[in-house]
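Shown next, in C-alpha cells, is the structure this report addresses.
Remember, it's a predicted structure, so these values are computed and weren't measured experimentally.
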Amino acid sequence: QVQLVESGGGLVQPGGSLRLSCAASGIIFSVNRMGWYRQAPGKQRELVADITSGGAPNYADSVKGRFTISRDNLRKTVSLQMNSLKPEDTAVYYCNARRSLAAVGNWGQGTQVTVSS
C-alpha cells in the first residue's frame, strides 16, 4: 500500500525557517517525481516545488531563492527546506508522488505550517 507521511510543520515567526520531510513507502521511489504542494483556507492547492526522478528541481516563483527541495532515494524521503518564511506561506503542505506529470499520483495527509508574529 502507498503511504506518504509528512512531518516538520509548526508555528514560526516571519523570517524564520522550517524543514518539512516526507517519508514514502509502497512505491518505487526512485522512478517517481516528488512534489510539495500547499493549500491555504479558501484557496486552490498550488505547487510549491517538485523534483524529478533525476534530481532536477522546479519551484514556484513565490518561493524561488527561499525554499530548497531535495530527495534521498536510499531513505525514500523528500524534504523541503523553507527559509525567510512569510505570512503568505501559511498553509497545509502536502507531499505528492507520481510516475509522470500526466498522473495524479498519491498524496500525504498534510502538515500545517503557520507563519505569524
Side-chain angles (χ1 to χ4, degrees):
Q1 54 186 352
V2 177
Q3 189 171 26
L4 302 174
V5 181
E6 301 98 333
S7 62
L11 174 64
V12 65
Q13 293 185 331
S17 298
L18 284 174
R19 185 176 179 86
L20 306 183
S21 295
C22 172
S25 61
I27 63 171
I28 305 175
F29 184 85
S30 62
V31 304
N32 272 255
R33 189 184 190 103
M34 304 298 300
W36 286 97
Y37 293 71
R38 67 187 181 189
Q39 187 167 211
K43 299 186 66 177
Q44 197 164 332
R45 187 173 299 186
E46 64 177 356
L47 173 71
V48 178
D50 63 7
I51 185 166
T52 69
S53 60
N58 177 60
Y59 299 96
D61 288 341
S62 60
V63 306
K64 285 181 179 177
R66 299 189 297 123
F67 292 9
T68 303
I69 189 170
S70 61
R71 66 189 297 156
D72 186 332
N73 287 351
L74 293 180
R75 293 171 54 85
K76 299 177 67 174
T77 59
V78 60
S79 298
L80 185 70
Q81 178 66 46
M82 305 186 294
N83 299 326
S84 302
L85 283 162
K86 305 174 180 179
E88 308 93 89
D89 297 317
T90 296
V92 177
Y93 284 70
Y94 298 92
C95 180
N96 175 264
R98 53 184 161 187
R99 302 190 69 165
S100 72
L101 290 175
V104 64
N106 300 102
W107 294 94
Q109 292 298 305
T111 185
Q112 176 71 48
V113 172
T114 302
V115 185
S116 177
S117 59

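Here Ser117 contributes atom OG and Leu11 contributes atom CG; the two are 10.0 Å apart, rounded to the nearest 0.5 Å. Here CZ of Arg38 is found 4.5 Å from CG of Asp89. Values are rounded to the nearest 0.5 Å.
Of all non-hydrogen atoms in Leu20 and Met82, the two that sit nearest each other are CG-CE, 3.7 Å. For Leu80 against Ala49, the heavy-atom pair with the smallest separation is CD1-CB, 4.2 Å. When every heavy atom of Ile27 is checked against every heavy atom of Ala97, the shortest pair comes out as CD1-CB, 3.9 Å. Here the closest non-hydrogen pair linking Tyr59 and Thr68 is OH-CA, 3.4 Å. In terms of heavy-atom proximity, Ser53 sits nearest to Ser30 at CB-O, 3.2 Å. Of all heavy-atom pairs spanning Gly26 and Val2, the tightest one is O-CG2, 3.5 Å.
Remark: side-chain polar atoms of Glu6 are paired, donor with acceptor, to backbone N or O of Gln109 under 3.5 angstrom. Within the 3.5 Å criterion, the main-chain N or O of Val104 finds a donor-acceptor partner in the side chain of Asn96. A donor-acceptor pair is defined here as one N or O able to donate and one able to accept, closer than 3.5 Å; no such pair exists between the side chain of Asp50 and the backbone of Met34. Checking side-chain atoms of Arg66 against main-chain N and O of Gln81 turns up no donor-acceptor pair under 3.5 Å.
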For Thr77 and Asp72, run side-chain hydrogen bond (donor to acceptor under 3.5 Å, both in side chains): C-alpha distance rounded to whole Å, both residues' side-chain angles, the deciding distance at 0.1 Å, then the answer.
CA-CA 5 Å; Thr77 59; Asp72 186 332; 4.9 Å; no

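A tilted orientation is assigned to the rings of Tyr93 and Phe67, their planes being inclined by 30° to 60°.
With a 4.5 Å cut-off on side-chain heavy atoms, Thr90 and Val113 do not count as touching. In this structure, Arg99 and Val31 have side chains that are in contact, with non-hydrogen atoms separated by less than 4.5 Å. Side chains of Pro14 and Lys86 form no contact here, defined as non-hydrogen atoms less than 4.5 Å apart. Put simply, the side chain of Val78 reaches to within 4.5 Å of the side chain of Ile69, judged on heavy atoms.
Linking Ile, Leu, Val, Met, Phe, Trp and Tyr residues whenever their side-chain heavy atoms come within less than 4.5 Å places Trp36 and Val115 in a single cluster.
Between the side chains of Thr114 and Gln112, at least one donor N or O lies within less than 3.5 Å of an accepting N or O.
Annotation: cation-pi pair Arg98/Trp107 absent, no NZ/CZ under 6.0 Å from the ring centroid and within 45° of its normal.
Atom CZ of Arg19 is surrounded by more than 12 heavy atoms from other residues, nucleotides or ligands within 6.0 Å. Within a 6.0 Å sphere centred on CG of Leu47, other residues, nucleotides and ligands contribute more than 12 heavy atoms.
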